[in-house]
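Structure first, then comments.
Atoms within each ligand, like the ligands themselves, are counted from 1 in listed order. In this chain, numbering begins with 1 at the start of the sequence shown.
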Amino acid sequence: MMKTIKSLFLCVLTLAAASCGRPQQASTTGTTPAVERRVDALLSRMTLAEKIGQMNQVSAGSDVSNYSDAVRKGQIGSILNEVDPVRINEFQRIAVEESRLGIPLLVGRDVIHGFHTVFPIPLGLAATFDPALVEEGARVASVEASAQGIRWTFSPMLDIARDPRWGRIAEGSGEDPYLDARMGEAMVRGYQGTLQDSTTMAACIKHFVGYGAAEGGRDYNSTFLSERQLRNVYLPPFEAAVRAGALTLMTSFNDNDGIPSTGNRFILKDILRDEWGFDGMVVTDWNSMGEMISHGYGADRKEVAREALEAGVDMDMMTYGFISHLEELVRSGAVRESAIDAAVRNILRTKVLLGLFEHPYVDAAAAEAVQYAPEHLDAARRTAEESAILLKNTGVLPLDAARTGRILVTGPMADAPHDQLGTWAFDGQKQHTITPLAALRERFPGRVDYVPGLRFSREKKSHFDEVVAAARRADVVLVFLGEEAILSGEAHSLADLNLIGSQSELLAALRSAGKPVIATVMAGRPLTIERDLPNCDALLYAFHPGTMGGPALTNLIFGDATPSGKTPITFLRTVGQAPMYYAHNMTGRPYNGETLLDGIEAEAGQTSLGNTSYYLDYGAYPLFPFGYGLSYTEFAYSDLALDAASYRRDGVIRVSFTLSNTGRRAGTEVWQLYVRDLVGSLTRPVKELRRFGRETLEPGESRRVELELPVSELAFWGAERKKQVEPGDFQLWVAGDSASGEPLAFKVE
Ligand code: GLC
C-alpha cells in the first residue's frame with residue numbers, strides 16, 4: 001500500500017514539475033526548492049511585458065542614458081559590453097530601485113581567456129593539458145571581472161575545430177572532444193565556483209552546436225554534421241559542461257543540415273532539456289535570431305522570434321525580436337504565455353543562483369585593486385610556460401644564460417604588446433603586457449640588440465641586410481614570428497596558413513648569418529611551418545601567450561622552465577591537407593606508406609602509387625600529430641599492462657605503465673591514453689583520447705602510473721541510435737602523442 005502511495009506521490013511531483021516547464025530530471029544548475037519557490041513567486045507578479053523585458057539583452061552604448069529608461073520600465077533583462085563599475089552600478093540602481101519589481105540586471109562580457117590579466121588564448125590553454133591550471137586561470141578572470149560588476153562570461157567556447165583555416169579555432173580547445181570536455185569543465189568550475197560569493201560569474205558554454213565544422217573553414221558557413229557526428233564528437237563536450245553545472249548556453253550562428261541552431265528545437269529541447277535535463281538559460285548569439293532571416297529560415301523578425309522561442313531560446317542578444325514581437329504573438333495566440341514563463345523562469349533562476357538580488361552592486365572604488373594582482377600575473381606566466389610547445393630542438397635549447405653573450409632579438413612579434421594578447425582580449429591593456437623584448441632586456445641588460453627585421457607580419461621585404469649584419473654580431477638569434485591578433489578570431493579565417501608576409505624570408509636570411517637561431521611562433525592557429533623548420537635550430541610554438549608571454553618565453557628559452565605543452569590540434573604540412581585530425585576513420589583503403597610522387601621514376605605506363613587514402617604530393621601524415629611536444633629531456637614508456645584480457649560492459653579497466661625520464665634534465669611529460677573499438681555497428685575512429693595526465697620526473701627517475709578506465713567510457717552513439725558499449729575487440733595505447741606507442745589488445749564481453 002505504502003509503495004503505491006509513494007509512487008503516486010512521485011508521479012504527481014513529476015507531472016507538476018513538467019507542467020511548470022522544469023525538466024523532470026535532477027537539476028543541472030543546482031537549483032533548490034527554495035530557489036524555485038522564489039522564482040515562481042516573482043514570476044507570478046510579473047506582467048507579460050515585464051516577462052518579455054527579462055528576455056531582452058542589449059549591448060551597452062557609450063551613454064548610460066541610452067538604456068536607463070528601458071531598464072526603468074523593465075524592458076531589459078541583461079546588458080553586455082559595459083565594464084565600468086560605476087556605470088554598471090548605475091544600471092543596477094535603476095533596475096533595483098526604480099523599476100516596479102526591482103529585478104537586477106545580468107551583466108555579461110566576453111571574458112574568454114582572462115579579463116585584465118590575459119592568459120594564453122584557449123587553444124594555448126588546451127596545449128597545457130592541465131585542467132587544474134586552466135581552472136585557476138578562469139578563477140582569476142572571474143575575480144577580476146566580477147569586481148567590476150560583470151557576473152556572466154560568454155565562455156568557455158567548446159566548439160570542436162578540425163580545420164585551421166577557421167579563425168575561431170583560436171578560441172576553443174582544438175580537435176579532440178575528450179580534451180575539450182576537460183577544459184570546459186575546468187573553466188565552468190573556475191568561473192562559477194560554488195556560486196556562493198559575488199566573485200563568481202555564470203559560465204556560458206558556446207556555440208551550440210557544430211559551429212567549428214564550418215564548410216571550408218569559413219566562419220559563419222553552413223555545417224552538415226550528421227546526428228552521429230553530433231552525438232560522438234560535437235555534443236559530448238557540451239554535455240560534460242552541463243554536468244559540471246554550467247548556468248547558461250549560447251546558440252551558434254551556423255545552420256546545420258539546413259536548420260539554424262537558434263531555431264533548432266532538436267538540439268535545444270530534445271537533447272539539451274529532455275535528454276540532459278539542462279535547467280539553465282539559453283541565450284542567442286549576437287543577432288543570431290535576426291540572422292535566421294538571412295539564412296532564409298524566417299521571413300521577418302516576428303517569425304524568427306517565434307521560431308527561436310519555440311525552439312527553446314530564453315534570451316535574445318541584440319535582435320530585439322522578443323521585445324518587439326512576443327507580446328503581439330501572445331495576444332494573437334501564436335505563442336503561449338507558458339512558453340514565455342518557462343524562458344523567464346530560466347533567466348530568474350540564473351539571477352537568484354548568482355545572488356544578484358542580495359548583491360546587485362560592487363564596490364567600484366575597490367575594483368581596481370584586484371586587477372593585475374601579482375598572484376594573477378604569476379598564474380598567467382605559469383600558464384604561458386605550460387602552454388608553449390617545443391616542436392624542434394637540435395639541442396641548442398635551453399640556452400646557458402651565463403655563457404650567452406650578445407643576443408639579437410628580432411621579428412614582428414618580438415615587441416607586439418597588443419597582438420601578443422591574442423583574439424578576444426578586449427579588456428587586456430597592452431601597457432601591462434610584458435613582451436619577449438622587454439623581458440629579455442630586463443634579464444640581460446646591455447646584452448640585447450633589437451632589430452625588428454619586419455615591422456609587422458604582413459610586411460613584404462626583399463632585403464634584410466641590417467638584421468643579418470646584426471645577427472653576425474650576435475652570439476644567438478631569438479626571432480619571434482607569427483600573426484597579429486587580428487589574423488585569427490571571429491570572421492578571420494585564412495586560406496593560406498604559411499607564415500604571412502616575408503617572415504619565412506627573414507628566417508632564411510637570419511639562418512645565413514651562421515649563428516644559432518631560436519624561433520618562437522605566436523599565432524592563433526597552427527600555421528604550416530614545414531618550410532621554416534630547416535632555418536632554425538629550435539622552434540617554440542606559443543599560441544598567443546597573453547600578458548606574461550615575455551617572461552614565460554624567456555624562462556623557457558633559458559631553462560628556468562621546461563617545455564611541456566602538447567599540440568591540441570594537428571599541425572598540417574600544407575593547408576591543402578585540411579581537414580586532417582588524428583581521430584579519423586580507418587576507411588576501406590588506409591594509407592600504407594606507399595612512395596610519394598617525389599620518389600617515383602616517371603615510368604611509362606605506371607598506373608598508380610597504391611590506391612589508398614593519401615595525397616600524391618603531401619602523403620597522408622601531418623607535420624605534427626595531435627598530442628605532440630618535445631621537452632628538454634627524454635621520456636620512455638614501458639611495461640604497459642592491463643589487469644585482464646577481457647572486461648564486462650559494467651567493468652573497470654585497470655591500466656598501468658612505467659614512465660621514465662631518460663634524459664639529463666627534470667621535465668614534465670603529458671602522457672596520453674587512447675583506445676580503439678576495432679569493429680562496431682558504425683565505423684569507428686582509429687583511436688580516441690580517453691585519459692591524459694602530467695608527471696614531473698627528475699633525470700633517471702621512473703614512476704609506475706596506475707589508472708582506471710570504466711568500460712562505460714568506451715560507449716558511443718551507434719547504429720541503434722543510443723549511446724552504449726558494444727562488445728568486441730579493442731586496443732589501448734599509452735604514449736606521448738597520438739602517433740606513437742604500441743597497442744595492447746583487450747576484449748569487452
Ligand atoms: C559574438 C560571438 C560570441 C560572443 C558574442 C557577444 O558575435 O559569436 O562568441 O560571445 O558575439 O560578444
Side-chain angles (χ1 to χ4, degrees), residues 56-61 76-83 105-115 121-123 125 138 141-142 145 150-161 166-173 180 183-184 187-188 191 201-214 217-223 234 237-238 241 246-256 260-262 280-292 294-295 308 313-321 350 422-428 485-486 488-493 524:
N56 184 36
Q57 180 186 58
V58 299
S59 182
I76 293 178
S78 171
I79 283 176
L80 74 150
N81 293 334
E82 180 54 75
V83 296
L105 296 165
L106 187 52
V107 180
R109 179 71 166 174
D110 291 283
V111 183
I112 305 300
H113 50 106
F115 183 57
I121 57 171
L123 196 55
L125 298 177
S142 201
I150 296 161
R151 298 296 313 278
W152 186 18
T153 177
F154 306 122
S155 172
M157 193 260 232
L158 298 177
D159 299 301
I160 292 292
W166 189 50
R168 301 196 77 168
I169 197 168
E171 292 176 64
S173 296
D180 189 20
M183 289 293 146
M187 293 174 93
V188 167
Y191 293 137
M201 290 194 292
C204 183
I205 56 181
K206 70 184 188 182
H207 304 80
F208 198 65
V209 67
Y211 180 37
R218 285 194 310 283
D219 200 7
Y220 313 119
N221 204 3
S222 299
T223 60
Y234 293 86
F238 284 91
L247 286 183
T248 73
L249 173 144
M250 181 185 291
T251 65
S252 58
F253 286 124
N254 58 300
D255 57 322
N256 185 57
S261 298
T262 305
M281 183 252 283
V282 173
V283 64
T284 72
D285 200 340
W286 186 288
N287 186 39
S288 64
M289 179 194 296
E291 289 187 4
M292 291 203 284
S294 169
H295 276 291
V313 168
D314 300 319
M315 187 178 281
D316 163 16
M317 181 193 286
M318 289 302 288
T319 295
Y320 303 109
T350 302
T423 187
W424 287 101
F426 294 142
D427 302 295
I486 195 68
S488 62
E490 182 170 355
H492 296 149
S493 299

So, does M250 sit close enough to ligand 1 that a heavy atom of it is under 4.0 Å from the ligand?
yes
Could you list the atoms of ligand 1 found under 4.0 angstrom from a heavy atom of F253?
7 (O), 8 (O)
Does ligand 1 have any atom that is closer than 4.0 Å to a heavy atom of R168?
yes
Which of the atoms of ligand 1 are close to W286, meaning less than 4.0 Å from one of its heavy atoms?
7 (O), 11 (O)
Please tell me if the side chains of M157 and P122 come closer than 4.5 Å, counting only heavy atoms from C-beta onward.
no
With atom 4 (C) of ligand 1 as the reference point, say which of L80, T284, V283, D110 has the nearest heavy atom.
D110
Those atoms of ligand 1 less than 4.0 Å from some heavy atom in H207
3 (C), 8 (O), 9 (O)
Quick look: F426 vs ligand 1, heavy-atom contacts under 4.0 Å, and the answer is neither
E490: numbered ligand 1 atoms lying under 4.0 Å from its heavy atoms:
1 (C), 2 (C), 7 (O), 8 (O)
What are the atoms of ligand 1, with element, lying closer than 4.0 Å to any heavy atom of D285?
1 (C), 2 (C), 3 (C), 4 (C), 5 (C), 7 (O), 8 (O), 11 (O)
How far apart are the C-alpha atoms of T248 and M315, what are their side-chain angles, what is the distance that settles it, and do they pass the side chain to side chain contact (heavy atoms under 4.5 Å, CB included) test?
CA-CA 10 Å; T248 73; M315 187 178 281; over 6 Å; no
Are any of the side-chain heavy atoms of E291 and D285 separated by less than 4.5 Å?
no
Heavy-atom contacts with F154 under 4.0 Å: which atoms of ligand 1 show up? List them by number with element.
10 (O)
For K206, the ligand 1 atoms with a heavy-atom partner under 4.0 Å come out as 3 (C), 4 (C), 9 (O), 10 (O)
Got I150 and V83 here, is their nearest side-chain heavy-atom distance under 4.5 Å?
yes
